[in-house]
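For reference, the structure discussed in these notes is given below.
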Amino acid sequence: MYPVIKINLQSIKKNAQFLNELCASKGVDVAAVTKVVCANPDIAKELLNAGIPMLADSRMQNIVKLRNAGIEAPLMLLRIPMLTEIAQLVDYVDYCLISENQTLKEIVEKKGKKETKFIFMVDVGDLREGVWYENAQEEIDKALDIAGEMLVGLGTNLGCFGGVIPSPENNQRLLDIANGYKFDIISTGNTAALPLIENNTLPSGVNHFRLGESIMLGTDATGSRKVPGTSQDTFTLECEVIECDKKPSIPIGKTGRDAFGGSPQFEDKGWRRRVILGIGGQDIDPTGLFPLNECMTVLHASSDHTIVDVTNCEQKYKVGDVIRFRLSYSALLRGMTSQYVFKEFMV
Ligand SMILES: *Cc1c(COP(=O)(O)O)cnc(C)c1O
């Protein structure tokens, strides 16, 4: 059945092993981030088989899913919690990223099955979650009053909203704050921070990274690169051709907006051979589809149709043929989330 995402567990495991060892060699523990695969338990178990000591996810539902799948490894909740999640949080979460003392207080006051530990998030420039670094000390002091020894670390996140690249300087900003305390965990890295480990410029004191994209895809979107030592053959999307035709490259008639309110631009390349695939924007980010066969280019996707230009391909595609893609992070995220995309493990 199509469309299908074929999952290469062995390749994911190798990426996890490689990155876990690379980070360990610099004294950095890794939490493997499962949100891009919706916390698929088979993938999660393979990450643990690879030697990864901790799993992390941004969604409460995914944390519950991992626990209910029998996973006993420590679980970290990455997204700072909603007040309405606290009742579940205290029963399921081992490590919780936090940035609001009001939320912290409500969690601490709510007793659950878990002795949840906290990592206070500090914003050193990317402008997503965390208390602004210049005001951090006051907030952390308050957090210590509330949580006491359950506040075990400081963290930061970079490369996500502002696209700020992790550097020795912005990592040092967090360490300077941490110096005033005795915390066990200093968690700065996501995939975008791996260059600091690769070229030995991570300031000493950082001892925890949360890695998703580099393990799952072998890529680093912020640095727009492949991560050296990893492979990119972890996921393959296969789609079925539902129409093959020759059409002009420019629409005929007065044009408005497309299905999603966008204003597509067209370049006149004459008549083109194109195929339509039975997959669309509901299932995939069309800008993140990379054909294995490089002769083709993805033109556009509406909700349920994706149009691919195959004029430059030697193969003459016909209805029923299958076309394969590698995926960007956003395309994988949407594909794994879509209930209309089948998932299959490669053997
Ligand atoms: C998603 C997420 C990560 C993982 O980032 P990658 O770029 O996929 O490695 C790390 N930390 C937090 C807080 C996240 O939300």
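Residue numbers start at 1 and run along the sequence shown. Every number for a ligand or one of its atoms is a count from 1 in the order of the listing.
Atoms CD and CD1, from Glu85 and Ile80 in turn, are 10.5 Å apart once rounded to the nearest 0.5 Å. Distance OG/Ser231 to CG/Leu217: 11.0 Å, rounded to 0.5 Å. The distance from the CG atom of Leu151 to the CG atom of Leu144 is 5.0 Å, given to the nearest 0.5 Å. With values rounded to the nearest 0.5 angstrom, Leu237 atom CG is found 11.0 Å from Tyr2 atom OH.
Using a 4.0 Å cut-off between heavy atoms, Met216 makes no contact with ligand 1 at all. Neither the backbone nor the side chain of Arg79 comes within 4.0 Å of ligand 1, counting heavy atoms alone. Under 4.0 Å from ligand 1, the heavy atoms of Leu211 that appear belong solely to its backbone.
For atom 5 (O) of ligand 1, the closest heavy atom belonging to the protein is Asn190 CB, 3.4 Å. At the shortest separation from atom 12 (C) of ligand 1 among protein heavy atoms lies Asn157 OD1, 3.5 Å. Protein heavy atom closest to atom 9 (O) of ligand 1, with residue, atom name and distance, is Thr191 OG1, 2.6 Å.
Ligand 1 has a nitrogen or oxygen under 3.5 angstrom from a nitrogen or oxygen of Arg210. At under 3.5 Å, not a single nitrogen or oxygen of Leu78, backbone or side chain, sits near a nitrogen or oxygen of ligand 1.
Not close to ligand 1: Met121, with no non-hydrogen atom less than 4.0 angstrom away. Under the 4.0 angstrom criterion for non-hydrogen atoms, Arg128 is in contact with ligand 1.
With hydrogens and angles left out, the side-chain atoms of Thr34 and Asp57 include a donor and acceptor closer than 3.5 Å.
Checked by atom type and distance alone, the side chain of Arg272 never pairs as donor or acceptor with a backbone atom of Asp309 at under 3.5 Å.
Heavy-atom contacts of Val33 reach the following atoms of ligand 1: 4 (C) (cutoff under 4.0 Å).
Cluster membership for Leu89 and Leu66, using ILVMFWY side-chain heavy atoms within less than 4.5 angstrom, is shared.
Around atom 2 (C) of ligand 1, the closest heavy atom drawn from Lys35, Glu213, Glu129 belongs to Lys35.
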*Take Arg67 and Asp94 through the test salt bridge (Lys or Arg N to Asp or Glu O under 4.0 Å) and record every step on the way to the result.*
CA-CA 11 Å; Arg67 198 62 89 201; Asp94 298 288; 2.5 Å; yes
